[in-house]
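Everything on this sheet refers to the single structure shown next.
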Amino acid sequence: MDDQFNIPGTPIFDGTQARKGYALNKMCYSFNDELNRKTFLADEEAYMRTYGLSEPQKEAIRHRNVLELIAAGGNIYYLAKFAGIFGLGVQDVGAQQTGMSLEAFKEMLTAHGH
Amino acid sequence: MDDQFNIPGTPIFDGTQARKGYALNKMCYSFNDELNRKTFLADEEAYMRTYGLSEPQKEAIRHRNVLELIAAGGNIYYLAKFAGIFGLGVQDVGAQQTGMSLEAFKEMLTAHGH
Amino acid sequence: MARIIGAIATSHVPSIGGAIAKGLQKDPYWKPFFDAFDPVHDWLARNKPDVAVVIYNDHGLNFFLDQMPTFAVGAAESYTNADEGWGLPVRPPYAGDSELSWQIIDKVMAQDFDLVTCQEMQVDHAFVVPMQLLWPDGGAKAIPAVPVTINSIQHPLPRAERCFRFGQAIGRAIESFPRDCKVVLLATGGLSHQLDGTRAGFINKEFDLWCMDKIVNDPQALASLTTKEIIEKAGSQGVELMCWIAMRGAMQGHVSAAFSKYHIPVSNTGGAVMVFDHEPVVHRLAAE
Amino acid sequence: MARIIGAIATSHVPSIGGAIAKGLQKDPYWKPFFDAFDPVHDWLARNKPDVAVVIYNDHGLNFFLDQMPTFAVGAAESYTNADEGWGLPVRPPYAGDSELSWQIIDKVMAQDFDLVTCQEMQVDHAFVVPMQLLWPDGGAKAIPAVPVTINSIQHPLPRAERCFRFGQAIGRAIESFPRDCKVVLLATGGLSHQLDGTRAGFINKEFDLWCMDKIVNDPQALASLTTKEIIEKAGSQGVELMCWIAMRGAMQGHVSAAFSKYHIPVSNTGGAVMVFDHEPVVHRLAAE
Ligand SMILES: [Fe+3]
Ligand SMILES: [Fe+3]
């Protein structure tokens with residue numbers, strides 16, 4: 001199915017994305033487990049091979065780039081576990097995707113209240 | 001829920017049975033794996049403790065008694081994996097439950113064709 | 001557009017797989033059962049389906065009670081078989097068709113069925129044995145398949161009427177699939193049998209023959225059965241009839257029986273094989 | 001007979017759990033949010049519910065895409081929390097109520113919802129954070145709970161209308177439960193937020209306030225929203241609104257808002273807390 005919603009700036013994790021991203025999401029899901037997080041950090045390339053990531057997925061992981069990861073089929077909920085390895089939360093992830101500084105992103109969130 | 005069907009000689013694996021039998025069924029489900037089958041055979045009591053079986057469940061396992069296992073919450077599909085450890089198939093299991101010899105049970109099945 | 005060209009329904013008892021593994025197809029006990037598949041092979045050779053949707057019940061290989069689905073649809077590129085604990089040789093993987101899987105998932109969810117989607121899935125004897133019966137040359141020779149499971153282990157089971165409507169939803173999903181391809185439905189399981197309790201060994205030839213009659217021309221008679229009635233008349237594992245009912249629901253055009261064979265017993269089971277031709281409604285209208 | 005005495009809806013963002021772990025409840029950023037729970041605690045102390053049914057969405061702790069349910073119901077004696085990968089302290093287990101679980105499973109399946117039943121289940125921050133907010137003294141002090149999940153990760157999601165009717169089915173199941181007990185519903189998630197894409201950080205105060213108005217007196221206005229409309233107006237993770245819609249569906253008597261607070265932002269989210277009183281229809285009829 002195409003992204004039938006077509007809402008600007010808003011990825012939809014549907015069957016097409018789920019098929020494309022399965023290996024990547026499975027790897028990120030494994031990061032619920034601390035031992036797996038450590039194994040990944042000890043040898044990222046080997047860990048990615050074990051999970052059979054595609055080359056674009058590997059590149060996106062190497063770049064720690066959330067938009068690339070989403071384009072490669074990643075789902076934000078599993079990607080959050082990848083970000084968690086580096087102590088990054090949803091605001092860091094939001095700042096990176098919008099090209100804002102963390103402070104600017106936080107101010108933008110606060111501004112919604114007014 | 002009670003066994004709302006109340007069909008003679010016919011156990012119904014409903015919520016009541018599922019609650020009662022969870023540990024037993026989980027142990028039997030583990031027998032899909034050959035290593036687990038071997039670990040069980042090497043020390044049955046330890047294996048049953050690991051899965052937290054109740055005393056009636058342990059007794060039924062020790063007796064290899066299918067009707068007792070069902071009374072203790074076992075589901076026939078998982079129990080079949082327990083029977084499989086001893087090379088017993090569904091006809092052996094049927095013969096045991098009906099109190100027939102294997103030959104008599106098979107004859108009874110064949111007789112249904114006429 | 002995709003077209004449902006027909007369906008094949010068959011028993012799936014593990015000992016069939018055992019007989020195949022031991023090469024017992026010509027053994028006096030097994031010969032009448034295996035011989036029934038010659039006309040099925042002819043039908044497949046004549047009709048050349050491209051892909052199969054296999055409706056069956058898992059027996060505790062892929063699913064456990066920690067997370068027990070009512071209806072699940074496979075959405076993988078391929079499906080592995082595995083050890084079920086009783087020594088059947090593990091079969092090589094079967095190819096999936098994940099495009100058709102997602103077509104079914106998207107369109108069936110839109111019809112208010114609450115699916116479980118499985119991007120990874122092990123298929124047990126209820127999938128593998130029928131595939132072996134239909135394509136004896138093995139996994140690589142078989143056509144790609146989409147596995148669909150119906151819970152038959154833990155009550156409450158979905159009602160027969162719900163399974164029938166689930167099948168209808170699957171049928172509509174397939175027939176709106178834009179790829180030009182011929183789809184065959186497989187239903188596996190049954191007919192009457194009971195493995196547990198003091199009524200173990202129960203088989204009901206009369207009821208099985210009634211089902212094999214009704215499923216062609218009066219499927220609503222089957223869809224109207226309560227779960228209790230099915231268990232009374234077909235035994236506690238006779239609820240696998242639900243898979244046949246769902247398969248029949250998916251064919252909403254003209255259905256006729258191309259072949260039908262009943263043979264007692266196959267292991268503990270009333271063994272049945274049926275082949276159905278299906279002429280979809282749109283094609284009939286176009287021809288008129 | 002069991003009675004639904006009301007409901008509590010609240011955001012569940014993980015950083016709330018982080019703030020609790022660090023004791024930041026009086027911190028200027030967090031104080032307005034946590035202070036909103038004082039009246040909620042008063043409501044709980046006054047109404048003394050015996051058991052909670054918690055409708056939430058799992059974020060990839062208990063469920064993965066190999067087996068992704070649309071609707072799942074916990075049926076365990078207790079529920080463990082676990083590491084989600086980002087350093088929240090793991091909370092002690094919460095007590096279940098498996099009798100009520102099976103009542104819901106049996107009666108909701110009979111209303112043609114295709115459930116996944118979970119006799120073992122890990123509960124993530126979307127269950128644990130609201131339980132901490134409502135019962136800050138911890139797992140042992142909290143009332144027993146039945147977790148109910150709605151898929152909000154992978155499309156197709158269940159439509160809002162389907163979630164509303166799912167809630168109605170749960171409500172009927174609870175109100176036919178023979179045990180004399182007071183049930184409170186919890187809905188967790190939302191309101192508007194978006195974590196992914198270049199629109200990340202999107203919050204829609206106007207829409208959130210509209211939802212908080214409609215959910216009291218005109219829930220059908222929410223149930224009629226399409227998934228696309230919800231994502232446009234509430235962001236891609238704003239679909240957690242489905243949990244609120246299901247909760248509201250379960251209350252089919254007279255509903256009034258006992259308390260309501262909206263606070264932007266809680267992390268990336270329009271933070272909302274609402275408490276509802278519910279007077280079941282049968283009790284109203286009896287009183288007339
Ligand atoms: Fe079977
Ligand atoms: Fe959330």
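Numbers restart at 1 for each chain; the letters A, B, ... are given by sequence-line order, proteins then strands. Computed from heavy atoms alone, side chains included, the values below leave out hydrogens, waters and symmetry copies.
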For chain A, the option from [options] that forms the most heavy-atom pairs under 4.5 Å:
options	value
D/Phe202, D/Tyr262, D/Trp86	D/Trp86
D/Ile264, D/Thr198, D/Ile203	D/Ile203
D/Ser267, D/Ser236, D/Pro14	D/Ser267
D/Gly18, D/Gly60, D/Gly270, D/Ser192	D/Gly60
D/Asn204, D/Ile153, D/Thr269	D/Ile153

Contact class of [X] relative to chain D, heavy atoms under 4.5 angstrom:
X	answer
A/Asn75	side chain
A/Ile85	backbone
A/Ala83	neither
A/Val66	neither
A/Tyr78	side chain
A/Gln96	neither
A/Lys106	neither

Of all heavy-atom pairs between D/Ala126 and D/Tyr56, which one has the smallest distance, and what is that distance?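 Here D/Ala126 and D/Tyr56 meet closest at CB-CD1, 3.6 Å.
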
Search all heavy atoms of A/Ile70 against all heavy atoms of D/Asp196 and return the closest pair with its distance.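 Looking at all heavy atoms of both residues, the shortest contact is CD1-CB, 3.6 Å.
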
Quick check on [X] against chain A: is it the side chain, the backbone, both or neither that has a heavy atom closer than 4.5 Å?
X	value
D/Gln154	both
D/Lys205	side chain
D/Leu157	neither
D/Asp208	neither

With rounding to the nearest 0.5 angstrom, report the CD1 to CZ distance, D/Ile55 to D/Phe127.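 Reported to 0.5 Å precision, the distance equals 12.0 Å.
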
Who passes side chain to side chain contact (heavy atoms under 4.5 Å, CB included) against A/Glu68, sequence neighbours left out?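 A/Glu68 satisfies side chain to side chain contact (heavy atoms under 4.5 Å, CB included) with A/Ala60, A/His63, A/Asn65 only.
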
Taking only Lys NZ, Arg NE, NH1 and NH2, and the carboxylate oxygens of Asp or Glu, determine whether D/Arg199 and D/Glu232 approach each other closer than 4.0 Å.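 The answer is no: the pair does not qualify as a salt bridge.
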
Would you call the rings of D/Trp30 and D/Phe33 parallel, tilted or perpendicular if under 30° counts as parallel and over 60° as perpendicular?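 Taking D/Phe33 first and then D/Trp30, their aromatic rings stand perpendicular (interplane angle over 60°).
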
Where does the angle between the aromatic ring planes of D/Phe113 and D/Phe166 fall among parallel (under 30°), tilted (30 to 60°) and perpendicular (over 60°)?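 D/Phe113 and D/Phe166: tilted rings.
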
Under 3.5 Å, is there a donor-acceptor pair between the D/His59 and D/Glu240 side chains?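 Short answer, yes.
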
Please check if any side-chain donor atom of D/Gln220 sits under 3.5 Å from a side-chain acceptor atom of D/Glu161, or the reverse.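 Checked: D/Gln220/D/Glu161 side chains pair up, N/O donor to acceptor below 3.5 Å.
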
Does A/Tyr47 have A/Arg37 sitting over its ring (NZ/CZ under 6.0 Å from centre, angle to axis within 45°)?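 No; the conditions do not both hold, so A/Arg37 does not lie above the ring face of A/Tyr47.
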
Can D/Glu84 and D/His125 be said to form a side chain to side chain donor-acceptor pair (under 3.5 Å), step by step? CA-CA 8 Å; D/Glu84 295 184 59; D/His125 65 271; 2.9 Å; yes

Could you check which of A/Tyr29, A/Phe82, A/Phe13 has the highest count of heavy-atom pairs closer than 4.5 Å to chain D?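 Of the options given, most contacts go to A/Tyr29.
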
